[in-house]
Number of protein chains: 2
Amino acid sequence: MERELLLLGLLRQQDTHGYQLHEFINRYLSTCTDMKKPTAYAVLDKMAARGWITIDHEGREGNRPRRRVYTITDAGEAEFQRLLRANLSQHHPVYFTNDIGIAFLDALPHTEALPLLQERRAAIDERLTYLRTLQPPHESPALILDHYLWHLQSELKWLDTLLERLND
Amino acid sequence: MERELLLLGLLRQQDTHGYQLHEFINRYLSTCTDMKKPTAYAVLDKMAARGWITIDHEGREGNRPRRRVYTITDAGEAEFQRLLRANLSQHHPVYFTNDIGIAFLDALPHTEALPLLQERRAAIDERLTYLRTLQPPHESPALILDHYLWHLQSELKWLDTLLERLND
DNA sequence: TCGTGACTAGTCAATACTGACTATAAGGAT
DNA sequence: ATCCTTATAGTCAGTATTGACTAGTCACGA
């Protein structure tokens, strides 16, 4: 359902084709989803079948390969409004895959766990440093980035309290 | 890969069957994964095929229906050690599905967005209050819970800064 | 001008995942 | 006794997802 919201929201701003949609998501919205290219096409096909979007089979412009340009319909806009309100009003938990390792921390002596977690800490720190250099394009992607930076800083702090606890 | 780590880690502590594994994950590790029951069975089958675990077809004890009890092998233990180190040392990003709505915030006037986001805030708050009442069973699940409480508090704070910004 | 790597655009076979189901048992309430 | 609900244990058909691929274009150096 969130994939539909995302694609409808982007198509609403501008008619475009699958490849470009995926590119944009990958570049500016990678903190929200890791949707792969074939998944994007599958969702677009499904939405077309439901009448939320239409497909313009664009004859190759210039001499690029053929491509399909998608346009949102009135039904699609209505669906977007519905999905947006649902997304904004509800809480979607995130899943901390990385905590599965934490759950089995006692399988390792502290002397082994510490350097591994310090490696993790460095990876988070590096990501944070990189994201801070980014300049997001529009209004709302800036919010997304801000939120992710906030989150990563919080993660770093928690990890530091854990590292301290492991140091006894 | 994280699903394998999770199931191996639990089987390592105690031989048990698929249903119980899923129950435990659902109760104490639901912040790490939302793995469904059929997925757990599929992963277990795959690991058995790879020789990481073995299956004891236990004749119905008492008169409960037949069930399969899984036992971790030496190869499984080795794999667990490998997966655990990989998980601890790397950073696995989380995906903020909930930010997809935030990305399209400007599709709504502030007067509409505000009450929706306040509803979301209430949902987070309620979840937080509930989790604070929980008493986790063992050592490590307590860490997991602690981390999730830390995260939810951070989320609440960010959402509050956003709400303030929307209030102009 | 030919080769090489990078970018654009989309596809497909295979795998992963899950909603909805079966079937048995136990614990009440009537 | 019979009915209803909840818990145990697992299955399966159908949908969702993705790694690896095709195929054309562009640009740049040798």
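Letters A, B, ... mirror the listed sequences (proteins, then strands); counts begin at 1.
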Given B:V94 and A:E155, is the side-chain contact (heavy atoms from CB on, under 4.5 Å) satisfied, shown in steps?
CA-CA 11 Å; B:V94 300; A:E155 284 297 281; over 6 Å; no
Ring geometry between A:Y148 and B:F96 (parallel below 30°, tilted from 30 to 60°, perpendicular above 60°)
perpendicular
Options C:dT8, D:dT17, C:dT18, nucleotide nearest the side-chain atoms of A:E23
C:dT8
B:D56 CG - D:dA9 C1' separation (whole Å)
16 Å
Between C:dA9, D:dG10, D:dA16, which nucleotide has the shortest distance from any of its atoms to the side chain of B:H17?
D:dG10
Among D:dT17, D:dA7, D:dT11, find the nucleotide with the atom closest to the side chain of B:R68.
D:dT11
Taking atom P of D:dT18 as reference, at what distance in whole Å does atom NZ of A:K37 sit?
13 Å
B:L44 CG to D:dT11 P, in whole Å, measures 11 Å
Listed nucleotide nearest any side-chain atom of B:T39, set D:dT18, C:dC7, C:dC17:
C:dC17
Just verifying a value: how many Å separate A:N98 CG and B:L88 CG, rounded to the nearest 0.5 Å?
8.0 Å
May I ask whether A:I100 and B:Y95 are part of the same hydrophobic cluster, defined by side-chain heavy atoms of I, L, V, M, F, W, Y residues being less than 4.5 angstrom apart, directly or through others?
no
Give a yes/no on whether any side-chain N or O of B:Y19 is located under 4.0 angstrom from OP1 or OP2 of D:dT8.
yes
OP1 or OP2 of D:dA16 sitting under 4.0 Å from any side-chain N/O of A:R3?
no
Closest nucleotide among D:dT11, D:dA9, C:dT11 to the B:P38 side chain:
D:dT11
Could you tell me how far apart B:N26 (CG) and D:dA9 (C1') are, to the nearest whole angstrom?
15 Å
Using whole Å, what does the distance between atom P of nucleotide C:dT22 and atom CZ of B:R67 come to?
23 Å
Rounded off to whole Å, could you give me the NE2-to-C1' distance for the A:H22 and C:dC7 pair?
14 Å
Do any side-chain nitrogens or oxygens of A:K36 fall under 4.0 Å of OP1 or OP2 in D:dA20?
no
Does any non-hydrogen side-chain atom of B:H22 lie less than 4.5 Å from one of B:F24?
no
Measure the distance from OH on A:Y41 to P on D:dT17 and round it to the nearest whole Å.
17 Å
Rounding to an integer number of Å, can you tell me how far B:D45 CG sits from C:dC17 P?
13 Å
